[in-house]
Amino acid sequence: MSGYSAPHCGSLRASDEGHRVELYGWVARRRDHGGVTFLDVRDRWGTVQVVVRSQTETFVRNEYVIRVAGKVARRPAGSENPKMATGEVEVVADEVEVISEAKTPPFEIVDEVDADEALRLKYRYLDLRRPKMAQTLELRHRVVQAIHRYMDAHEFIEVETPMLLKGTPEGSRDFIVPSRLHPGEFFALPQSPQQLKQLLMVAGIGRYYQIARCLRDEDLRADRVVEITQLDVEMSFCTEEDVFALIEGLWAKVWKDVLGIEIPTPFPRLDMQESLLKYGTDKPDLRYELEIADVTDTLRETGATVLRGAVDAGGVVRCLAVPGGKDMSRRDLDELVLLAKGAGAKGLAWIPGPLDRHLSEGELTAIRSASGAGADDLVLLVADRRRKAETVMGLLRREIARRRKLIRQGEWKFLWVYPMYMFEEDDLGNLTYGHHPFTSPWPEDMHLLTERPYDVRARAYDCVMNGVEISGGSVRIHDRELQERVFEILGMDRERIHGQFGHLLDAFEYGVPPHGGIAAGIDRLMMAIKDTENIREVVAFPKTQSHQDLMLGAPSPVSPEQLEELHIQVVPPRKTGS
RNA sequence: GGUCCCGUGGUGUAGCCUGGCCAAACACGCGGCCCUGUCAAGGCCGAGAACGCCGGUUCGAAUCCGGUCGGGACCGCCA
């Protein structure tokens, strides 16, 4: 067998005419005409047609692995297939050998699969056989290679950081790994190499990057996987402007090298507050307009009690014009109501609609004008707590854009959301960090740190493209005292600060350069590039929403011996309802 | 932690709202035969599901109800 050096099925072209070749691949399809049979033979590079005459006929079925020896020939005039890259030629076989037989696969290995995703995940090795999936894997490789080239050219060096780290109670839930040699003690798998990369700056590395796996034990969403891959970057003596320039250049290079597209730089910037107001999200998709407007002040004295109630309770009223939306059916609107309620809204109003008679002429005019609604437009209204109203309007905005096909396909809309806020309020009303606790506060806002922490801006930024947050980072704190102060504002006592972050604080006493960086999620980047809303489409072996690997059957129980060795006792979950 | 959607032959769907005419239809795939130029090949013939699982309502359930399992979407969560 000499398959490694053999030409690829998908690479044969007219220029190969006359060459004797040996091909290895999978039978993608067979068309048996009696005296002559056509086999489409597939490998990662594509598919080529093989002509088998009766004298060399061998019994094959779809997905058999075969070896074909034959001659590359131009197809007879008129029988070329312009839909295939190899369509000008065919291989006339004088030998067909079955290397490996195959059962009928549980779903057809074609690009237009409509098989259930769970089935595809169970037989992922078959799913990846589909040309589209193979192309996605290759595209991902191209992206990562472009990143490596770019980072290397800018004198960044890739440094690997450990997988077994110290757990932190902050941030997302850790995956933990029991220590055999230290009974009762555990490692944590990295949520990100954050502290290590900062320590590399203290070490004087200056420019670090890594394509790092990060693991977060959180509930999944359409755009989340448990094991994310991120480009992790940190640099010394930099400002946010340096990071922006670096990353703008990086995306420009990736888009050019991989997609052949020139993207304009620098990217526009939008501060977080404006983003939440106008787009209802911190990651706006600018491929469509649809701006949200605030009409709280107009409705302070309104007779519409549903709106008034929210305003009196300190909430807001936001509105959004749906272009040409007056033609929406009651059913369409009901679906939007369902969406809004599903996101926790108390309700959804629209104009013109049942609410009209409770609103004054002046209020109606003001709402229409604030939302920029034209004569044929419908205006959606949500009244709620500010955060909830933003979330709901953001969802509605996206849904409207999808339904009314307002998203301009083929556009790449990059922007920086910057600055962001240093602190946020969690659902219990407690103060928590917006980005992470190592983020530097905005210098001019330093005096607000103690009295009005929520007004403190952070030197933090997200790079958003087509509604996907593809990277985010910050300029870090490099001063021990300030870092300790931020921890304290976050409600940590001295003991905890030193137990969790003592190494970092100590390091800051030995000469620390100002530094900052960014992390870019490769999975989400790939989603954006492939324009898919399903992150599993860009990951080779993804897990389900409930963290299971349907192919491997993981997670799975381990033997009592293994548990004993690890000093672990399993406590079965309490049965629900008992 | 919560809400919602889905689960019918190998695959995808129809049927389910308005129980009986459904041991269930259609397409693809699969098997056999025919066919020397197709490329979603074609023609003819054929096999294949008691409708995720458990329980209930009913004279009768794929169809109604409850639970459960699996998948997905969303809110929370994701420094």
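Per chain, numbering begins at 1; letters A, B, ... match sequence-line order. Everything numeric in this text was worked out from a predicted model, so none of it was measured.
The base-pairing partner of B:C39, taking Watson-Crick or G-U wobble contacts with both distances under 3.5 Å, does not exist among the strands shown. In this structure B:C28 sits in a base pair with B:G10, meeting the Watson-Crick or G-U test at under 3.5 Å. Across all strands shown, B:G19 forms no Watson-Crick or G-U wobble pair with both distances under 3.5 Å. Using Watson-Crick or G-U wobble geometry with both donor-acceptor distances under 3.5 Å, B:C64 finds its partner in B:G56. In this structure, B:A73 forms a base pair with B:U3, meeting either the Watson-Crick or the G-U wobble geometry with both donor-acceptor distances under 3.5 Å.
Atom OH of A:Y433 is separated from atom C1' of B:C78 by 11 Å (rounded to the nearest Å). Between the CG atom of A:L126 and the C1' atom of B:U11 there is a distance of 13 Å, given to the nearest Å. For the pair A:R221 CZ and B:C75 C1', the computed distance is 6 Å after rounding to whole Å. Rounded to an integer number of Å, the gap from A:L121 CG to B:G70 P is 15 Å. Atom pair A:Q230:CD and B:C78:P shows a separation of 16 Å (rounding to whole Å applied). In this structure, the CG atom of A:D462 is 15 Å from the P atom of B:C78, given to the nearest Å. The separation between A:Y123 atom OH and B:G10 atom C1' is 10 Å, rounded to whole Å. Distance A:E218 CD to B:C78 P: 6 Å, rounded to the nearest Å.
Considering only residues two or more places apart in sequence or on other chains, A:R29 meets the salt bridge (Lys or Arg N to Asp or Glu O under 4.0 Å) condition with A:E108. Remark: A:E488 engages A:R494, A:I497 in a side-chain contact (heavy atoms from CB on, under 4.5 Å) (not counting sequence neighbours). A search for ring-ring contact (aromatic ring centres under 6.0 Å, His included) contacts involving A:W442 returns A:Y418, not counting sequence neighbours. With sequence neighbours excluded, the residues forming a side-chain contact (heavy atoms from CB on, under 4.5 Å) with A:A102 are A:E63, A:Y64, listed by chain and number. Residues meeting the salt bridge (Lys or Arg N to Asp or Glu O under 4.0 Å) test with A:R216, sequence neighbours left out: none. Residues forming a salt bridge (Lys or Arg N to Asp or Glu O under 4.0 Å) with A:R459 (at least two apart in sequence, or on another chain): A:E240. For the ring-ring contact (aromatic ring centres under 6.0 Å, His included) test, residues two or more places apart in sequence or in another chain that qualify with A:H8 are A:W45. In terms of the salt bridge (Lys or Arg N to Asp or Glu O under 4.0 Å) criterion, A:D549 has no residue partners (sequence neighbours excluded).
Residue A:E533 is the one, among A:L220 and A:E533, whose nearest nucleotide of RNA chain B lies closer to the 5' end (criterion: closest heavy atom).
For residues 463-502 of chain A, the pairs satisfying ring-ring contact (aromatic ring centres under 6.0 Å, His included) are A:F438-A:F501, A:F487-A:F501, with sequence neighbours left out.
Residue A:R398 is classed as having no contact, given no heavy-atom separation below 4.0 Å to the nucleic acid. Residue-level contact check: A:S192 touches the bases, meaning some heavy atom is under 4.0 Å from a base atom. Using a 4.0 Å heavy-atom cutoff across all strands shown, A:K388 reaches sugar-phosphate atoms only and no base atom.
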Distances for protein N/O vs nucleotides 12-14 of chain B N/O pairs under 3.5 angstrom?
{"residue": "B:G12", "atom": "OP1", "partner": "A:D116", "partner atom": "N", "Å": "2.8"}

For nucleotides 45-54 of chain B, tabulate all protein N/O to nucleotide N/O atom pairs closer than 3.5 Å, reporting atom names and distance.
none

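A salt bridge does not link A:R224 to A:D219: none of the charged side-chain nitrogens sits closer than 4.0 Å to a carboxylate oxygen. Between A:D127 and A:R124, at least one side-chain nitrogen of the basic residue sits less than 4.0 Å from a carboxylate oxygen of the acidic one, meeting the salt-bridge criterion.
Here B:C78 is the nucleotide among B:G71, B:C78, B:C74 with the atom lying nearest to any side-chain atom of A:R224.
Atom CD of A:E57 sits in a crowded spot, with more than 12 heavy atoms from other residues, nucleotides or ligands closer than 6.0 Å.
Contact annotation: A:Q545 does not reach the phosphate of B:G70 (side-chain N/O to OP1 or OP2, under 4.0 Å). Checking the phosphate oxygens (OP1, OP2) of B:C78, no side-chain nitrogen or oxygen of A:Q191 falls inside 4.0 Å.
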### Query
Using a cut-off of 4.0 Å between protein heavy atoms and nucleotide atoms, how would you tag nucleotides 25-39 of chain B 5' to 3' with B, S and -?
---SSSS---BBBBB

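The CG atom of A:L380 lies 7.5 Å from the CG atom of A:L333; values are rounded to the nearest 0.5 Å.
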